[in-house]
Structures are given as C-alpha cells and as structure tokens.
Visitor: 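Could you have a look at this structure, given as structure tokens, before my questions?
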Amino acid sequence: MTALALRAVATARAPVPVWLRLGLLLPCSAAAFWFSLQSLSGQWRYETPLADLIMVPLLAVGVFVAATRRHPYVGVLRLGWFDLLLATGLLGVALALLVVGPVFWSKYFWAMRLDLLALPLFVAGGILLLFGARAIVPFWFPVLSLFLAWPLPYLALLERALGGFTHATASVVGAVAPKLGLATPEPSAGAGAFLLHHGPRSFSLSIGSACSGVNALVGFFVLAVFALYFIEGRLSRRLAWLALGALLVWVANIARILALFAAGSAFGERAAVAVLHPIAGLVALNVAVLVLLGQMRRFHLFWRELEPVHVDSPLAEPAPLEKRASTTRLAGRVLLLGAAAATFAVANGQLASAARGLTNDGLPAIPAFTARPIAATGWTIRRAETIGWAAPYYGSHSSWVRYVLRPKRPGRGAFTVWLDAVRSPNLGALDAYTLAHCYAFHGFNVDSARRIDLGDGVIGQSFVYTTSRTDWHAVSWQWPVGRGARVEHERLVLIAASSARPAGGPSSSGGASGFVLSLLDLRSPHEDANRPLTQALQGVAAGIVAKRIGPKA
C-alpha cells in the first residue's frame with residue numbers, strides 16, 4: 001500500500017504533457033472566437049484580397065507546435081499566483097473589449113474588426129494559465145502572429161495602393177501582350193480591358209483588382225511572416241529574400257494573365273475563364289514560391305532545426321516538482337479556462353448583430369441615405385432642402401440633406417419628424433463637430449443625453465434640449481456607408497418638437513448591453529418631460545435602421 005500511495009503521489013505531481021495542454025488551449029481559443037473565425041473563413045470562397053487571412057490562425061497552430069519542440073522546457077516551468085492574476089487580467093481586458101466595444105463604438109467596432117484584437121489576448125491568457133508566465137517568452141512569436149488576422153491595416157493599405165497597383169499590372173500587360181500577339185488594349189470597354197481573337201470570334205477580358213496580383217501578395221505576406229520563424233540568417237538577408245519573393249509573385253501573376261490570354265486566343269473564352277482561370281493563380285503562386293526557395297542559399301539562408309535548443313537563461317530553469325503543472329495544480333486552471341471559453345463564446349456570438357450591414361472584412365454594405373432614402377414602416381418621407389453652409393466643417397465633398405417624415409395615418413399623438421442626413425468622407429470631421437458640440441456652441445440647455453440601442457448593433461444617442469422657443473427631442477446615430485467603391489461616413493439625426501404624447505416605442509436594452517449603456521450614461525443628464533415622445537422617436541429611428549440594414553436596403 002505504501003508503494004502504491006507513493007506512486008499515486010508521484011503521478012499526481014508529474015507535469016501534464018505539453019501536447020495535452022496545447023490540445024486544451026487551441027480548441028478553447030477556437031470555441032471562444034467561433035463567430036470571428038467563421039467570418040474570416042467566409043471570405044475564402046470569394047476572390048477578395050483578404051481571403052487568405054483565415055490561414056493566420058491555422059499557421060499559428062503549426063508555429064505553436066514547433067515552439068514546443070524547440071523549447072521543451074515549457075513543460076516544466078513554475079505555476080504561481082502571478083500567472084493566475086496576470087491571466088485573469090488579460091482575459092478580463094479581452095472580454096471587456098468584446099462586451100463594451102460594440103456598445104461604445106457601435107458599427108465601427110465591426111468596421112475596425114476589433115474583435116480579432118481580443119484573440120491574441122485570450123491565447124496569451126491561456127498560456128499563462130496552462131504553462132506559466134515564463135512560457136510567454138518562447139511562445140511570443142505565435143501569439144503576436146495572431147495579430148496578422150486583423151483586416152484593418154490591410155484595408156487601409158489597399159485603399160491607398162490598390163488602384164495604383166491594378167493600373168501598374170494592366171500597364172505591364174498592355175505593353176507585353178500586343179508584342180506577343182495575344183491581345184490588344186480596348187479602352188472603350190473600360191480601364192484594363194483587352195480584346196482577344198479566337199478564330200472569327202472576338203471577346204474581351206478585363207484586369208480587375210482581384211486579378212492585379214494583390215490577392216496573391218497578401219497570401220504571400222502571411223506565409224512569409226510565418227516562414228521567418230523557420231528560417232535562419234541575418235534579418236536583412238531574410239527581408240531582402242522576402243522582397244524578391246514579392247516581386248516573383250507579381251511577375252508570376254503577370255505570366256498567369258498572359259497565359260490566360262494565350263489560352264483564350266488558342267482555345268476560346270471558355271477555356272481561359274472556366275478551365276484555366278480557377279487554377280492558374282494557385283499554379284503561378286506555387287511556381288514563384290519554388291523559385292524563391294531555390295534562391296535561399298544565394299542569400300545565405302537555411303532552414304532552422306526544430307530540435308530542442310539549449311537556453312542558458314533563468315527563464316528556462318525547471319521548477320521544483322511541487323511547483324510544476326501537475327494534474328492537481330492544473331485542474332482549477334483548466335476549469336477557469338473552460339469557463340472563460342464558454343463566456344467568450346457567448347460574447348463573440350453576440351457580435352452577429354454588430355456585423356449586420358457590414359462585410360466580413362468590415363466594409364459597409366449599407367448605401368448612403370441620400371442614395372436611397374427610406375422611412376420607417378408607417379411613415380412617408382419627402383426631401384425638404386439641401387444645407388450648404390456646413391461644407392467648411394465637414395469637408396468640400398460632404399453633403400447635408402434634410403427630409404420631412406410624417407405618419408401615413410395621422411391620429412392621436414401624431415407628430416412630424418425632421419431627418420438630417422449628413423455625409424462626409426472624413427470621419428474626423430464628423431467626430432470633431434458632434435451634436436453635443438453643436439448644442440453647446442448655440443448655448444442650448446441639454447436636459448437629457450443618453451446612449452440608446454437602436455437594434456442591429458447600432459448604438460445611437462438621444463437628446464432633449466431647450467431653445468428659446470421650445471423643447472426639442474433628437475435621436476442620432478453614425479455609421480460607415482458605401483458610396484460607389486469608397487467608404488464614407490454618415491450621421492442621421494431625427495428631430496421632433498411636439499406636445500403630443502404618442503404611445504409605443506422600443507423598450508430599454510437588457511443584458512450586458514443594457515448594463516454597459518447604464519454605466520456609460522452614469523454622469524449624463526436625464527431630465528425628460530415628454531418621455532413618450534422620446535420613445536416614439538427612438539421607434540422611428542429603429543425602424544429606419546432595420547430598413548437600412550435589411551436585405552432590401
């Protein structure tokens with residue numbers, strides 16, 4: 001019995017295998033951010049520049065496994081109270097970002113895809129719980145690499161470079177294709193259009209942004225960053241090698257386009273578009289990568305061995321047996337990680353409302369109100385006037401249009417609504433001149449200023465302010481809208497002044513959103529002498545939001 005007892009104690013104190021801890025961390029992280037990861041995977045089937053971002057978490061898994069092989073000491077590090085406190089702090093910050101962010105930033109939370117910034121924080125918290133604080137050092141690369149899945153930096157870069165890059169690709173093809181007798185530019189069909197001849201028939205093919213090579217370059221960039229972990233050599237040589245790779249990918253894409261032209265001229269449009277086009281991009285990228293790999297020795301670069309490396313540092317010092325991640329010491333932390341994953345899964349699923357009206361990349365699918373003015377159900381809308389004096393404030397390309405809304409069936413409690421649609425390409429200008437600034441500038445007395453939930457992930461503001469003539473009730477919200485191929489920003493303001501006390505209106509938000517709204521409005525004034533009118537105005541605003549975001553908007 002004594003031997004069995006000693007063996008049981010030794011087993012209980014033996015460190016839980018690294019692969020098992022990693023096997024707990026990765027599924028918990030995926031479950032916690034299931035909606036965010038699902039939105040990234042939704043782009044894979046489409047030819048968008050950011051479709052390859054779904055590879056980031058998948059490649060990060062491989063780097064995590066490689067890191068455990070290179071640094072096996074992560075399995076014998078100390079677990080202490082500091083790990084638990086720091087992990088709780090990181091998980092708390094990540095959860096606050098998912099819960100408070102959509103309320104504070106409204107639609108701009110998903111437009112900026114801030115949910116993906118919480119993913120590395122959650123993973124880092126899981127590492128602290130399962131491996132200890134010192135494990136962050138050997139795991140720093142895969143944790144930080146998760147930030148590569150954040151679409152906003154790519155979108156900001158593409159917004160400035162995509163047009164020029166597409167033009168450069170079309171120019172090179174336009175210079176080479178006629179000399180090879182494959183195609184001739186056709187300006188009448190649009191920029192980047194080329195005329196091809198197959199026997200007696202002619203057809204045109206166009207080089208759009210998806211065919212410019214940007215998609216392949218984004219995918220190459222993601223792969224290249226992860227490749228840095230597995231390649232040894234001076235950093236300057238590695239960066240020069242990757243720059244050569246980017247050039248090769250672009251040249252391979254031009255060769256792909258010329259190959260499509262050759263196939264179209266020889267075998268017809270169907271052979272080029274339906275047969276060769278779906279696989280040509282993958283073949284071109286693989287050829288470029290193979291050529292690049294063949295140039296490694298010229299840059300004095302070598303594949304890094306994944307065998308355990310010797311680390312002469314206190315960070316790698318094994319902990320005493322009783323301080324390691326034994327089954328007993330790890331049980332409570334696993335339960336905490338599981339509870340955190342379940343909580344995050346619920347919070348992440350709530351982002352479905354924040355994502356409505358926006359693409360998976362965060363681009364707006366909502367047209368500007370002036371392009372298609374729609375009133376709430378039961379209301380008519382009429383354009384009243386265009387206000388031009390605000391251009392110096394919101395920019396020369398801004399617009400301010402006022403509409404009048406009236407109920408289709410006026411009855412007891414009927415009231416008129418004025419709707420102002422202010423649109424500007426400059427978000428900073430709208431933020432610099434808010435309604436609160438306007439009311440303060442005119443010296444109006446603001447009796448109530450509250451944040452309100454208008455549904456579909458839209459958080460607006462409700463105001464009651466007094467002028468020298470009457471009390472005014474206002475509801476406003478702001479969101480990104482699409483105007484052609486550009487992203488602009490729109491503020492809609494509904495204003496009413498009436499002594500009527502209409503029935504109906506949306507109920508107050510409940511759950512976590514309602515709690516966050518209450519916290520954000522703790523110090524805001526809340527004196528409303530005609531609350532039924534405010535609620536009815538909120539109902540009109542919520543109806544317009546539903547119409548704008550709905551499938552027929």
Visitor: Filter on salt bridge (charged side-chain N to carboxylate O under 4.0 Å, His left out), then keep only pairs touching residues 389-402, sequence neighbours left out; what's left?
Guide: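 Counting only pairs at least two positions apart or across chains, the salt bridge (charged side-chain N to carboxylate O under 4.0 Å, His left out) contacts touching residues 389-402 are Glu385-Arg402, Arg402-Asp420.
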
Visitor: Where is the tightest heavy-atom contact between Gly126 and Leu25, given as atom of each residue plus distance?
Guide: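 Scanning both residues completely, I find the closest heavy atoms to be CA-CD1, 3.6 Å.
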
Visitor: Keeping the roles fixed (side chain from His277, backbone from Leu260), state whether a donor-acceptor pair exists under 3.5 Å.
Guide: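 Answer holds: no.
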
Visitor: For Trp250, enumerate each residue passing the side-chain hydrogen bond (donor to acceptor under 3.5 Å, both in side chains) test, keeping only those at least two apart in sequence or located in another chain.
Guide: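 Expected list: Thr169.
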
Visitor: Could you measure the distance from the CG atom of Leu301 to the CG atom of Leu228? Nearest 0.5 Å is fine.
Guide: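 Reported to 0.5 Å precision, the distance equals 9.5 Å.
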
Visitor: Once rounded to the nearest 0.5 Å, what's the spacing between atom CZ of Phe64 and atom CG of Leu22?
Guide: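 Result: 7.0 Å between the selected atoms.
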
Visitor: For residues Ala391 and Ser398, report the shortest heavy-atom separation together with the two atoms involved.
Guide: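 Ala391 and Ser398 have their closest heavy atoms at CA-OG, 3.9 Å.
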
Visitor: Taking distance alone, no hydrogens or angles, what donor-acceptor pairs closer than 3.5 Å link side-chain atoms of residues 477-487 to residues at least two apart or in another chain?
Guide:
{"from": "Gln478", "atom 1": "OE1", "to": "Arg491", "atom 2": "NE", "distance (Å)": "3.3"}
{"from": "Gln478", "atom 1": "OE1", "to": "Arg491", "atom 2": "NH2", "distance (Å)": "3.3"}
{"from": "Gln478", "atom 1": "NE2", "to": "Asp431", "atom 2": "OD1", "distance (Å)": "3.2"}
{"from": "Trp479", "atom 1": "NE1", "to": "Glu490", "atom 2": "OE1", "distance (Å)": "3.0"}
{"from": "Arg483", "atom 1": "NH1", "to": "Glu488", "atom 2": "OE2", "distance (Å)": "3.4"}

Visitor: Check the pair Val540, Val475 against side-chain contact (heavy atoms from CB on, under 4.5 Å), reporting the backbone distance first and the verdict last.
Guide: CA-CA 9 Å; Val540 177; Val475 171; over 6 Å; no

Visitor: Sequence neighbours excluded, which residues qualify as side-chain hydrogen bond (donor to acceptor under 3.5 Å, both in side chains) partners of Thr184?
Guide: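 None.
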
Visitor: Side-chain donor-acceptor pairs under 3.5 Å in residues 375-384, sequence neighbours left out?
Guide:
{"from": "Thr380", "atom 1": "OG1", "to": "Arg406", "atom 2": "O", "distance (Å)": "3.1"}
{"from": "Arg383", "atom 1": "NH2", "to": "Thr386", "atom 2": "OG1", "distance (Å)": "3.1"}

Visitor: Rounded to the nearest 0.5 Å, what separates atom OG in Ser41 from atom CD1 in Ile54?
Guide: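 Between Ser41 OG and Ile54 CD1, I get 5.0 Å after rounding to 0.5 Å.
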
Visitor: Do Leu148 and Tyr154 touch side chain to side chain, with heavy atoms closer than 4.5 Å?
Guide: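 Sidechains of Tyr154 and Leu148: in contact.
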
Visitor: Are Leu116 and Leu53 close enough that some pair of their side-chain heavy atoms sits under 4.5 Å apart?
Guide: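 Counting from C-beta outward, Leu116 and Leu53 never come under 4.5 Å.
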
Visitor: Does any N or O in the side chain of Asp361 come within less than 3.5 Å of the main-chain N or O of Leu363, such that one atom is a donor and the other an acceptor?
Guide: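 It does not hold such a pair.
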
Visitor: What pair of heavy atoms forms the shortest contact from Ala347 to Leu98, and how long is it?
Guide: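 The answer is CB-CB, 4.4 Å.
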
Visitor: To the nearest 0.5 Å, tell me how far Gln538 CD sits from Asp453 CG.
Guide: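 Rounded to the nearest 0.5 Å, the CD-CG separation comes to 10.0 Å.
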
Visitor: Report, one line per pair, each donor and acceptor closer than 3.5 Å where one atom sits in a side chain of residues 261-272; sequence neighbours left out.
Guide:
{"from": "Ser265", "atom 1": "OG", "to": "Leu182", "atom 2": "O", "distance (Å)": "3.1"}
{"from": "Ser265", "atom 1": "OG", "to": "Phe261", "atom 2": "O", "distance (Å)": "3.0"}

Visitor: Pick out which of Leu244, Leu242, Ile231 makes a side chain to side chain contact (heavy atoms under 4.5 Å, CB included) with Phe299.
Guide: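 Looking at Leu244, Leu242, Ile231, the match for Phe299 under the side chain to side chain contact (heavy atoms under 4.5 Å, CB included) is Leu244.
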
Visitor: For the atom pair OG1 (Thr359) and CG (Leu155), what is the distance rounded to the nearest 0.5 Å?
Guide: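 Those atoms lie 7.5 Å apart.
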
Visitor: Calculate, to the nearest 0.5 Å, the distance between atoms NE2 and CZ belonging to His71 and Phe139 respectively.
Guide: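 Here the interatomic distance stands at 9.0 Å.
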
Visitor: May I ask you to test the Leu419-Leu492 pair for a side-chain heavy-atom distance under 4.5 Å?
Guide: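 Yes, side chains in contact.
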
Visitor: Do the non-hydrogen side-chain atoms of Leu358 and Pro364 ever get within less than 4.5 Å of each other?
Guide: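 A side-chain contact under 4.5 Å exists here.
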
Visitor: Can you sort out the partners of Asn286 under side chain to side chain contact (heavy atoms under 4.5 Å, CB included), two or more places apart, ordered by chain and number?
Guide: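 If we apply the side chain to side chain contact (heavy atoms under 4.5 Å, CB included) test to Asn286, skipping adjacent residues, the hits are Leu282.
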
Visitor: Is there a donor-acceptor contact under 3.5 Å from the side chain of Trp241 to the main chain of Leu292?
Guide: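 Side chain of Trp241 to backbone of Leu292, a donor-acceptor pair under 3.5 Å: yes, one is there.
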
Visitor: With the side chain counted from C-beta on, respond yes when Val493 and Val422 share a heavy-atom pair under 4.5 Å apart, and no when they do not.
Guide: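 Not in contact.
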
Visitor: In chain order, what residues pass the side chain to side chain contact (heavy atoms under 4.5 Å, CB included) check against Tyr393, with sequence neighbours excluded?
Guide: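 Applying side chain to side chain contact (heavy atoms under 4.5 Å, CB included) to Tyr393 gives Trp389, Tyr433.
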
Visitor: Do Trp110 and Phe35 have their ring centres less than 6.0 Å from each other?
Guide: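 Centroid distance Trp110-Phe35: below 6.0 Å, so yes.
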
Visitor: If you apply the rule ring-ring contact (aromatic ring centres under 6.0 Å, His included), what do you find for Tyr108 with His489, and how did you get there?
Guide: CA-CA 10 Å; Tyr108 285 96; His489 308 275; 5.7 Å; yes

Visitor: Any side-chain to backbone donor/acceptor pair from Asn348 onto Ser36? Under 3.5 Å, distance only.
Guide: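 Yes, because the side chain of Asn348 sits within donor-acceptor range (under 3.5 Å) of the backbone of Ser36.
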
Visitor: With a 3.5 Å distance limit and no angle check, can you tell me whether Arg548 reaches the backbone of Pro367 through a side-chain donor-acceptor pair?
Guide: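 Yes.
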
Visitor: Check whether Ser424 reaches the backbone of Tyr394 with its side chain - one donor and one acceptor, N or O, closer than 3.5 Å.
Guide: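 At least one qualifying donor-acceptor pair exists.
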
Visitor: Could you tell me if the side chain of Val225 sits less than 4.5 Å from the side chain of Val56, heavy atoms only?
Guide: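 In short, these two side chains do not touch, never coming nearer than 4.5 Å.
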
Visitor: Quick one: are Leu195 and Ser202 in side-chain contact, heavy atoms under 4.5 Å?
Guide: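 Leu195 vs Ser202: side chains touch.
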
Visitor: Determine, stepwise, if the pair Tyr403 / Trp418 fulfils side-chain contact (heavy atoms from CB on, under 4.5 Å).
Guide: CA-CA 6 Å; Tyr403 299 85; Trp418 285 266; over 6 Å; no

Visitor: Which ring pair (Phe, Tyr, Trp, His ring centres under 6.0 Å) pairs, counting each pair once, include a residue from residues 213-235, with sequence neighbours left out?
Guide: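 Pairs touching residues 213-235 that pass the test: Phe141-Tyr229.
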
Visitor: Please check if the side chain of Trp34 supplies one atom and the backbone of Ala345 the other of a donor-acceptor pair under 3.5 Å.
Guide: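 Looks like yes, one N/O pair under 3.5 Å.
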
Visitor: State, yes or no, whether a side-chain contact exists between Leu121 and Leu91 at a heavy-atom distance under 4.5 Å.
Guide: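 Not in contact.
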
Visitor: List in chain and number order the residues that pass salt bridge (charged side-chain N to carboxylate O under 4.0 Å, His left out) with Arg238, two or more places apart in sequence or in another chain; answer none if no residue qualifies.
Guide: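 By the salt bridge (charged side-chain N to carboxylate O under 4.0 Å, His left out) rule, Arg238 matches no residue at all.
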
Visitor: Restricting to non-hydrogen atoms, name the atom on Gly174 and the atom on Phe194 that form the minimum distance, rounded to 0.1 Å.
Guide: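 Closest approach of Gly174 to Phe194: CA-CE2, 3.5 Å.
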
Visitor: Take Phe369 and Val401 through the side-chain contact (heavy atoms from CB on, under 4.5 Å) test and state the conclusion after the steps.
Guide: CA-CA 9 Å; Phe369 191 85; Val401 182; over 6 Å; no

Visitor: Residues two or more places apart in sequence or in another chain: which of them pass side-chain hydrogen bond (donor to acceptor under 3.5 Å, both in side chains) with Glu232?
Guide: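 Here no residue qualifies.
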
Visitor: What pair of heavy atoms forms the shortest contact from Arg423 to Ala368, and how long is it?
Guide: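 In terms of heavy atoms, the two residues are closest at CD-CB, 3.9 Å.
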
Visitor: For side-chain contact (heavy atoms from CB on, under 4.5 Å), just list the numbers for Val123 and Leu26, CA-CA rounded to whole Å, side-chain angles, deciding distance to a tenth of an Å, and then say yes or no.
Guide: CA-CA 8 Å; Val123 174; Leu26 299 179; 6.0 Å; no

Visitor: Of the non-hydrogen atoms in Phe109 and Gly101, which two are nearest, and what is the gap between them?
Guide: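 In terms of heavy atoms, the two residues are closest at CD1-C, 3.4 Å.
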
Visitor: Taking Asn426 for its side chain and Gly428 for its backbone only, find out whether a donor-acceptor pair lies under 3.5 Å.
Guide: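 Between the backbone of Gly428 and the side chain of Asn426 there is a qualifying donor-acceptor contact (under 3.5 Å).
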
Visitor: So does Ile459 get a backbone contact from the side chain of Ser106, meaning a donor-acceptor N/O pair under 3.5 Å?
Guide: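 Yes, the answer is positive, given that a donor and an acceptor are paired below the 3.5 Å cut-off.
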
Visitor: Give me each pair satisfying salt bridge (charged side-chain N to carboxylate O under 4.0 Å, His left out) with a member in residues 96-113, each pair once, sequence neighbours excluded.
Guide: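 Applying salt bridge (charged side-chain N to carboxylate O under 4.0 Å, His left out) to every pair that reaches into residues 96-113, excluding sequence neighbours, yields Arg113-Asp115.
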
